[in-house]
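Here's the structure we're looking at; comments come further down.
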Amino acid sequence: MNSEGEVEDDAAMMDGATLDWGAVAAVQGVRHPISVARKIMEDKPRFLVAESGERFALEHGLEVCDKDDLVSEEQYQEWKEEADVLDRPNTVGCVALDSSGNLVAGTSTGGTTGQSQGRVGDSALVGAGLYADNQLGACSTTGDGESIIPVVLAKTAIDALAEEAHPDQAAQHAIDTLKARVKGEAGCILLDRQGRIGWAYNSDNMAVAYMTEALQQPAVFTQKE
Ligand code: GLY
C-alpha cells in the first residue's frame, strides 16, 4: 500500500523462447496484474501504466475489482500503525521450465509499503525484476527496487549462467554484486535450461517453493539452510 492507503500494482512476464514480454505498472483495481502482463505479452510487447493498463484489462475481459478489495484487514491495520512496515516489499515471482525446454519468468508486486503515489520499482522492468531466455535460464527478483534496478539484478544472474555457473552460484553472484555496488536487500530465484534451481538473498529470510516431476509435493523454504 502506498502513502495514501492505495494498492498500485506492477507486474511483468517474459517468454524465454521469443524474448517477448509484457508489463503493467501503477495499476489499481486489477485482480490479477500478472494476467494483464501476460495478455500484453501475447498481444504485442509493451509497457502500460496506470489508467492505460486498467483500460487494457477491461477491454480484454480480465478481472477488475473494487480498489479496496485488494487490501486485507491485516495489511490495512499495519499500514495505519506504520510500525516496522515502511519500505517492505510485497513481491511474488515465479520461473518455470516446460517439457519442450521453454522458460518463462513472471513477477508481480504491490510495491513497497508506504511508497509514494506513482512510484514504480523493479518488478515490471525486464532485466531488473525478471528475465527469461531459453538459451540460459529464467530469473525473478524481489527486494528494494531502487537497489535492484541499477545492478539489473535478473540479467546479472542470467549472464552468470553463461559462464556455466550452477544457478545457486549465479544467484549468489547477482546478490553479491548488489551488496558490493549498492545498499539494500534483495533476493532472486533462478532456473537454468537444464531445470536446475538456485536462489540467494541478503535479507533475513525469503520464502521459496519449488515443484519438480520427481517430487510428490512442493518443497517449501522460508530460509535457505
Ligand atoms: N521489488 C519491488 C519494488 O521495489 O517495487
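Throughout, numbering of the chain's residues begins at 1 and tracks the sequence. First listed ligand is number 1; within each ligand, the first listed atom is number 1. Any value given below was found using the heavy atoms of this structure, including those in side chains, with hydrogens, waters and symmetry copies removed.
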Considering the heavy atoms of [X], write down every atom of ligand 1 situated less than 4.0 Å from one of them.
{"X": "Ser123", "answer": "1 (N), 2 (C)"}
{"X": "Thr91", "answer": "1 (N), 2 (C)"}
{"X": "Thr109", "answer": "2 (C)"}
{"X": "Gly145", "answer": "4 (O)"}

Below 3.5 Å, N or O to N or O, backbone or side chain included: is there any such pair between [X] and ligand 1?
{"X": "Arg119", "result": "yes"}
{"X": "Gly143", "result": "yes"}
{"X": "Gly111", "result": "no"}
{"X": "Asp122", "result": "yes"}

For the residue pair Thr107 / Ser123, report whether a side-chain donor-acceptor contact shorter than 3.5 Å exists.
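On atom types as modelled, these side chains do not qualify, holding no pair under 3.5 Å.
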Would you check if there is a donor-acceptor pair between the side chains of Ser108 and Asp9 at a distance under 3.5 Å?
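No donor-acceptor contact under 3.5 Å links the two side chains.
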Hey, what's the ring geometry for Tyr210 with Phe221, parallel, tilted or perpendicular (30° and 60° as the breaks)?
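Tyr210 vs Phe221 ring planes: parallel.
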Location of contacts on Glu146 toward ligand 1, heavy atoms closer than 4.0 Å:
neither
Just by modelled atom types, is the Gln115 backbone N or O under 3.5 Å from a matching donor or acceptor in the Asn2 side chain?
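Between the backbone of Gln115 and the side chain of Asn2 there is no qualifying donor-acceptor contact (under 3.5 Å).
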Asn202 side-chain N/O to Ala186 backbone N/O, donor-acceptor pair under 3.5 Å:
yes
Are the charged groups of Asp144 and Lys183 less than 4.0 angstrom apart, N to O?
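The answer is no: the pair does not qualify as a salt bridge.
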Decide side chain to side chain contact (heavy atoms under 4.5 Å, CB included) for Glu63 and His32; before the verdict, give the C-alpha distance in whole Å, the side-chain angles of both, and the deciding distance to 0.1 Å.
CA-CA 7 Å; Glu63 194 178 351; His32 305 296; 3.7 Å; yes
